[in-house]
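Here the structure comes first, spelled out in structure tokens, and everything after it is commentary.
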Amino acid sequence: MKNYVQKGDNISVTADADIASGEMVLKGALFGVASGAVKAGETVTLVRKGVFTGPKATGQSWSVGAKIYWDETAKKLTTTATSNKLVGCVVLAAGSSDATGTVLLDGVIC
């Protein structure tokens, strides 16, 4: 098929700010995990699908299968839908005091 460009699990975008390797990034409607560290203005590859550990909103207990959202203001994963972007679901239960959580990112457009 001559119009096929790429699979889409990894997408390269221009970084709006300095990004650390492994940092979770929301760029417009794209959400992913930075595959490497870059400076603002450089190209970063976002990994959009897979299981990742990321910063978790404290005070929340997570159950396997719960929907997970990205809070762009706090830069944390959360179960709170209001004003946040759906990015995946929980794959490992987490307690309310845990600082990180393990989630499945399924490549959804936020």
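Index from 1, following the sequence.
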Check your understanding: If only atom types and distance count, is the side chain of R48 paired as donor or acceptor with the main-chain N or O of G8 below 3.5 Å?
Key -> yes
Review point. Which heavy-atom pair separates I109 from A29 by the least distance, and what is that distance?
Key: CG2-CB, 3.5 Å
Exercise for review: Verify the cluster assignment for V108 and L26: are they in a single hydrophobic cluster under the rule of side-chain heavy atoms below 4.5 Å apart?
Suggested key: no
Review point. Quick check: are there more than 12 heavy atoms from other residues, nucleotides or ligands sitting under 6.0 Å from NZ of K85?
Key: no
Review point. Can you get from L104 to L46 by hopping between Ile, Leu, Val, Met, Phe, Trp and Tyr side chains that sit under 4.5 Å apart?
Key: no
Revision key, fill the gap. Looking only at heavy atoms, the pair that brings T58 and S97 closest together is CG2-O, 4.5 Å
Point to revise | Nearest heavy atoms of A93 and V90, plus distance in Å | key: N-CG1, 4.3 Å
Exercise for review: Examine distances only and state if a side-chain atom of K56 and a backbone atom of T102 form a donor-acceptor pair shorter than 3.5 Å.
Suggested key: no
**Study point:** Closest heavy-atom pair and its distance - D18, A40
**Key:** OD1-N, 2.9 Å
Review point. Do V44 and I11 sit in the same hydrophobic cluster, where Ile, Leu, Val, Met, Phe, Trp and Tyr count as joined when their side-chain heavy atoms come under 4.5 Å apart?
Key: yes
Check your understanding: Quick one: does L105's side chain get under 4.5 Å of V33's, heavy atoms only?
Key -> yes
**Study point:** Atom of G65, atom of C89 and distance for their closest heavy-atom approach
**Key:** O-CB, 4.0 Å
Review point. Do the side chains of I68 and L86 join up, straight or via other hydrophobic residues, at under 4.5 Å, putting them in one cluster?
Key: no
Review point. So how far is it from K75 NZ to E23 CD, rounded to the nearest 0.5 Å?
Key: 7.0 Å
Point to revise | Test item: side-chain donor near acceptor, S12 and T45, under 3.5 Å | key: yes
Review point. Hey, is the main chain of T73 close enough, under 3.5 Å, to the side chain of D71 for a donor-acceptor pair?
Key: yes
Exercise for review: Taking D106 for its side chain and G88 for its backbone only, find out whether a donor-acceptor pair lies under 3.5 Å.
Suggested key: no
Exercise for review: State yes or no: do F31 and V47 share one hydrophobic cluster built from I, L, V, M, F, W and Y residues joined by side-chain heavy-atom distances below 4.5 Å, directly or via other members?
Suggested key: yes
Review point. Is a side-chain donor or acceptor of Q60 paired with a backbone partner of T79 at a separation under 3.5 angstrom?
Key: yes
Practice item. Apply side chain to side chain contact (heavy atoms under 4.5 Å, CB included) to the pair N84 and T78, showing each step before the final yes or no. Key: CA-CA 8 Å; N84 297 315; T78 179; 3.6 Å; yes
Check your understanding: Can you tell which of Y69, W62, F52 makes a side chain to side chain contact (heavy atoms under 4.5 Å, CB included) with L77?
Key -> W62
Practice item. For residues A34 and V25, report the shortest heavy-atom separation together with the two atoms involved. Key: CB-CG2, 4.5 Å
**Study point:** Basic-acidic side-chain contact under 4.0 Å: K49, D9
**Key:** yes
Practice item. Working to the nearest 0.5 Å, report the span between NZ of K39 and CD1 of I19. Key: 11.5 Å
Review point. Would a distance-only check, ignoring hydrogens and angles, find a side-chain to backbone donor-acceptor pair under 3.5 Å from Q6 to N10?
Key: yes
Exercise for review: Would you check if T43 and V13 make a side-chain contact, meaning some heavy-atom pair closer than 4.5 Å?
Suggested key: no
